[in-house]
Amino acid sequence: MQENFSLKPYNTFGVEARSRFFTEVNTIDELKEALTFAETQSLQLLFLGGGSNILLTKDFDGLAIRLNLRGISEENIHENEVRVTAKAGENWHEFVMYCLQKNYGGLENLSLIPGNVGTSPMQNIGAYGTEIKDIFVSCEVLDLESFELRTFNLEQCRFGYRDSIFKQEGRGRYVILEVTFKLTQKNHSIKTEYGAIQSELENLGIENPTIQDVSRAVINIRQSKLPNPKEIGNAGSFFKNPTIPLAQFEALKQQFENIQGYPNGEMVKVPAGWLIEQCGWKGKQIGNVASHKLQSLVIINATGNATGKEIFDFSTEIINSVKDKFGIELEREVNII
């Protein structure tokens with residue numbers, strides 16, 4: 001247990017914020033010890049995984065716990081299905097690579113997403129036509145109220161777009177310990193129709209892609225568009241893509257004929273990056289903070305010296321300008337602490 005501890009190395013924005021107490025846990029017993037300490041001291045809790053989806057806007061007057069639970073196990077269900085369970089502290093991309101090396105399909109479109117396995121169900125992370133819910137079986141959690149272990153299945157997690165029970169009424173009550181995924185062993189479903197995957201495969205001269213080829217294409221695309229958090233502080237996509245009624249989209253199309261949208265019944269998903277770019281934010285810098293020059297959806301700690309409050313205020317300016325121009329209110333995808 002350490003006091004007045006800097007969390008700068010534990011958030012991918014690289015902002016300075018200190019926690020009153022900090023500890024790293026490697027087992028469930030260590031986690032329970034830390035929770036007991038917090039309870040006796042009446043401390044608030046902050047759980048840290050890969051630190052890729054949080055923005056620390058101030059010092060944290062409580063106990064920050066870094067979950068370092070590690071381990072991967074497998075269970076063959078039948079000749080075409082394997083269930084792979086990863087502990088919460090496993091790095092997400094390394095876990096994806098582990099599965100691809102074994103030729104397990106289902107995760108390839110989620111390559112190079114930052115963060116750890118434990119936070120993947122919270123956000124229902126997704127990219128290029130795949131979301132966690134598509135390959136999710138269950139997750140084991142610790143109930144912070146009763147200290148009991150519980151298992152949540154797919155239905156109980158109530159996954160939505162970048163959403164789950166863990167961001168709604170279960171927020172702050174459960175800590176995810178491990179996640180189980182159902183993956184294919186041979187009859188893989190190859191998804192290449194989203195984003196620039198198909199054109200990237202063509203650039204690579206690949207006509208009949210394997211799951212490894214799809215992963216390689218996704219990695220190339222992400223590396224070409226998104227800054228590496230190890231080189232410049234960021235949390236990936238800062239905003240969710242808004243979903244608006246079809247009638248509202250059609251009205252906007254009368255005014256902005258190039259507006260992009262992906263219909264789903266009576267609703268249309270509009271790319272937040274396009275909206276932000278139309279408001280002139282792409283590459284724009286204010287003080288220590290900027291919108292990335294290649295992807296306006298990504299806010300960066302441009303100088304390395306930004307505070308969390310500066311980044312938050314910058315995001316508020318973007319939200320206000322998009323609302324003024326399009327009447328659409330963007331929602332932050334990043335968790336604000």
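One-based numbering along the sequence shown.
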Item to check | Gln185 and Asn76: side chain donor to acceptor below 3.5 Å | outcome: yes

Next on the checklist: Once rounded to the nearest 0.5 Å, what's the spacing between atom CG of Asn203 and atom CG of Asn220?
Outcome noted: 9.0 Å

Checklist entry - Between Ile132 and Asn124, what is the shortest heavy-atom contact and its length? => result N-OD1, 3.3 Å

Checklist outcome for this item: dist Ser315:OG -> Leu55:CG (nearest 0.5 Å) comes out at 7.0 Å

Checklist outcome for this item: Separation between OG (Ser291) and NZ (Lys284), nearest 0.5 Å, reads 10.0 Å

Checklist entry - Should the heavy atoms of other residues, nucleotides or ligands under 6.0 Å from CD of Glu193 be counted, would the total exceed 12? => result yes

Item to check | Parallel, tilted or perpendicular, as decided by the 30° and 60° cut-offs, for the rings of Phe181 and Phe95 | outcome: tilted

Checklist entry - Do you see a donor-acceptor pair shorter than 3.5 Å between the side chains of Asn305 and Asn288? => result no

Checklist entry - Is the backbone N or O of Ala235 less than 3.5 Å from a side-chain atom of Ser52, with the two atoms forming a donor-acceptor pair by type? => result no

Next on the checklist: What I want to check is whether the side chains of Gln123 and Ser164 have a donor and an acceptor closer together than 3.5 Å.
Outcome noted: no

Item to check | Point-to-point distance, once rounded to the nearest 0.5 Å, from NZ of Lys240 to CG of Asp163 | outcome: 5.0 Å

Item to check | Ring-face cation contact, Phe312 with Arg332, 6.0 Å cut, 45° max | outcome: yes

Item to check | Over 12 non-hydrogen atoms of neighbours within 6.0 angstrom of NZ in Lys167 | outcome: yes

Checklist entry - So does Glu169 have more than 12 non-hydrogen atoms from other groups sitting under 6.0 Å from CD? => result yes

Checklist entry - Counting only heavy atoms not in Arg216, do more than 12 fall under 6.0 Å of its CZ? => result no

Checklist entry - What's the spacing between Asn53 CG and Asn116 CG if we round to 0.5 Å? => result 12.0 Å

Item to check | Heavy atoms from other residues, nucleotides or ligands near CD of Gln44 exceed 12 (cutoff 6.0 Å) | outcome: no

Item to check | Asn264 atom CG, over 12 foreign heavy atoms within 6.0 Å | outcome: no

Checklist entry - Given Tyr104 and Tyr98, is the ring-ring contact (aromatic ring centres under 6.0 Å, His included) satisfied, shown in steps? => result CA-CA 9 Å; Tyr104 297 159; Tyr98 169 91; 7.3 Å; no

Checklist entry - Quick one: do Arg20 and Asp61 make a salt bridge, cutoff under 4.0 Å? => result yes

Next on the checklist: When you compare the side chains of Asn103 and Gln212, does any donor N or O come within less than 3.5 Å of an acceptor on the partner?
Outcome noted: yes

Item to check | Any side-chain donor near an acceptor of the partner, Thr192 and Gln198, under 3.5 Å | outcome: yes

Item to check | Residues, nucleotides or ligands: over 12 heavy atoms within 6.0 Å of Lys253 NZ | outcome: yes

Checklist entry - Are Trp274 and Phe326 an aromatic pair by the rule of ring centers under 6.0 Å? => result yes

Item to check | Salt-bridge criterion met for Lys191 and Glu108 (N-O under 4.0 Å) | outcome: no

Checklist entry - Is the number of heavy atoms from other residues, nucleotides or ligands under 6.0 Å of Gln2 CD greater than 12? => result yes

Checklist entry - To the nearest 0.5 Å, how far apart are NZ in Lys309 and OG1 in Thr316? => result 8.5 Å

Checklist outcome for this item: The single option from Phe37, Phe60, Phe5 that satisfies ring-ring contact (aromatic ring centres under 6.0 Å, His included) with Phe22 is Phe5

Checklist entry - Are Tyr10 and Arg66 close enough, and set up right, to give a side-chain hydrogen bond (donor to acceptor under 3.5 Å, both in side chains), and what steps lead you there? => result CA-CA 9 Å; Tyr10 298 98; Arg66 183 160 194 260; 5.5 Å; no

Next on the checklist: Do Trp281 and Ser321 pair up side chain to side chain, a donor and an acceptor below 3.5 Å, judged on atom types alone?
Outcome noted: yes

Next on the checklist: Between Asn109 (side chain only) and Tyr128 (backbone N and O only), is there a donor and an acceptor less than 3.5 Å apart?
Outcome noted: yes

Checklist entry - Side-chain contact, heavy-atom cut-off 4.5 Å: Phe166 with Arg171? => result no

